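Predicted model only: the values in this text are computed from it and were never measured. Counting starts at 1 for both ligands and their atoms, in listed order.
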Amino acid sequence: MFDHSVHDSRSSVEGADDDNRESTTAVRLEGVSHQYGSTGGRFRSGDERTVTALRDVSFEVPMGTIVGLEGPSGSGKSTILHAVAGLLVPTAGTVELCGTDLAAQSDAERTRVRRRHIGIVFQRFHLLPSLSARANVALPLVQEGVSRPDRRDRATTLLEAVGLGDRITHLPGELSGGERQRVAIARALATDPNVIVADEPTGELDTATGADVLELLTDIGRERAVLVASHDESTLSVADRVVTLCDGQVVENDA
Ligand code: ADP
Ligand code: MG
């Protein structure tokens, strides 16, 4: 289903082996713990309420594999994805992306790594409603300084690869849920990232549409690393390995 010609071997996290994505450990978590609210955040200062979301979580996602994260609501799946995506720095432990320790980087550097090397797919798509499918897909390339014609070409190629070549000028509101999620996947691939994190990517979709999205993720996982969180059996069935969480702890890791 997915046309691999859109995948080039250009990008790689600095320090990673450019010629051999497959043998690299794309993502490594070591002893990761996280407490929300411990540094203020949305809690009033002096308020002792904290939430321990992760406790000593360790696992790896090798290049070329799909790892599923399963666990009940509140078990810490999204927190792990955010830590891997560099959207939060965990209170303890190490998150490495292709050998690079994210916590050791400045905020600016972490943002740069996230934009270039991580593709994020959300449950509710997060497309900009006023932009066409093509403009949504091209958006991550604006920050990368890619020229407008090149952005349009790349976005068109990616939309064709996810089977939406006839929808490039449609607005998100003119697309079905499954089509929107395919646009979001195309957008996640825009910078040719090593790693795709997907948080409940089929949560809003019916079974048949969800299956199309999973087939896409399966194809993508052959050449990249995919970390997909879900509590849905069919989503987890596409994973090469499943890490099971309960109360922020890994209770099973079939790796
Ligand atoms: P899941 O994705 O498995 O449902 P989350 O990672 O979203 O789990 O949440 C793990 C725990 O952290 C839950 O107890 C949740 O309430 C809490 N949590 C998540 N985000 C925040 C936040 N921004 N502030 C405070 N607590 C949070
Ligand atoms: Mg979640």
Side-chain angles (χ1 to χ4, degrees), residues 27-61 66-97 102-103 107 110-111 114 118-127 177-178 180-181 184-185 187-188 195-207 209-210 213-214 217 221 225-239 241-255:
V27 177
R28 195 172 76 87
L29 285 85
E30 185 66 50
V32 173
S33 297
H34 190 65
Q35 281 193 329
Y36 286 104
S38 55
T39 55
R42 65 183 207 174
F43 298 95
R44 292 187 304 275
S45 67
D47 190 332
E48 291 303 311
R49 277 180 305 165
T50 60
V51 177
T52 301
L54 298 177
R55 301 161 207 262
D56 197 20
V57 171
S58 304
F59 68 89
E60 294 184 355
V61 188
I66 303 182
V67 170
L69 273 181
E70 80 168 335
S73 181
S75 58
K77 304 182 295 297
S78 295
T79 304
I80 288 179
L81 295 187
H82 288 181
V84 169
L87 291 166
L88 67 80
V89 177
T91 8
T94 311
V95 179
E96 281 180 10
L97 211 60
L102 287 178
D107 289 351
R110 207 161 33 246
T111 300
R114 179 176 73 245
I118 302 266
I120 308 178
V121 178
F122 300 96
Q123 178 173 354
R124 295 198 172 84
F125 326 129
H126 290 204
L127 300 174
R180 286 181 214 178
Q181 193 59 303
I185 290 171
R187 178 186 55 188
V195 179
I196 297 284
V197 300
D199 201 351
E200 311 269 4
T202 60
E204 301 276 304
L205 308 177
D206 62 54
T207 310
T209 317
V213 164
L214 293 178
L217 285 181
V226 176
L227 183 56
V228 55
S230 183
H231 51 253
D232 165 48
E233 281 297 322
S234 60
T235 303
L236 295 163
S237 70
V238 303
R241 315 165 176 190
V242 175
V243 174
T244 308
L245 291 167
C246 189
D247 257 351
Q249 277 181 303
V250 175
V251 290
E252 204 177 320
N253 182 353
D254 72 4

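- Val250 is listed as a side-chain neighbour of Asn253, based on a closest heavy-atom distance under 4.5 Å.
- With a heavy-atom cut-off of 4.0 Å, Thr79 touches ligand 1 through backbone and side chain alike.
- Each of the following atoms of ligand 1 lies closer than 4.0 Å to a heavy atom of Ser73: 4 (O).
- At a 4.0 Å cut-off, at least one heavy atom of Gly76 sits close enough to ligand 1 to count as contact.
- The number of protein N, O or S atoms lying under 2.8 Å from the Mg ion (ligand 2) is 1.
- A 4.5 Å side-chain heavy-atom check between Val121 and Asp199 finds every atom pair outside the cut-off.
- Between Gly68 and Leu236, the closest heavy-atom pair is CA-CD2, 4.0 Å.
- Atoms of ligand 1 found under 4.0 Å from any heavy atom of Pro72, numbered from 1 in the order shown, are 3 (O).
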Derivation and outcome, side chain to side chain contact (heavy atoms under 4.5 Å, CB included), residues Arg241 and Asp254: CA-CA 6 Å; Arg241 315 165 176 190; Asp254 72 4; 3.2 Å; yes

Walk me through it: do Gln35 and Thr91 pass the test side chain to side chain donor-acceptor pair (under 3.5 Å)? CA-CA 6 Å; Gln35 281 193 329; Thr91 8; 5.5 Å; no

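- Contact check for Leu227 versus Ile196: no side-chain heavy atoms found under the 4.5 Å cut-off.
- For the residue pair Thr209 and Gly178, the shortest heavy atom distance occurs at CG2-CA, 3.0 Å.
- Where the criterion is an N or O separation shorter than 3.5 Å, residue side chain and backbone included, Val51 fails it with respect to ligand 1.
- For His231, the NE2 atom sits in a loose shell: 12 or fewer heavy atoms of surrounding residues, nucleotides or ligands are nearer than 6.0 Å.
- Below 30°, between 30° and 60°, or above 60°: for His34 and Tyr36 the angle between ring planes is above 60°, a perpendicular geometry.
- Ligand 1 has Ser75 within reach: a non-hydrogen atom of the residue lies less than 4.0 Å from it.
- Distances between N or O atoms of Ala53 and those of ligand 1 include no value under 3.5 Å.
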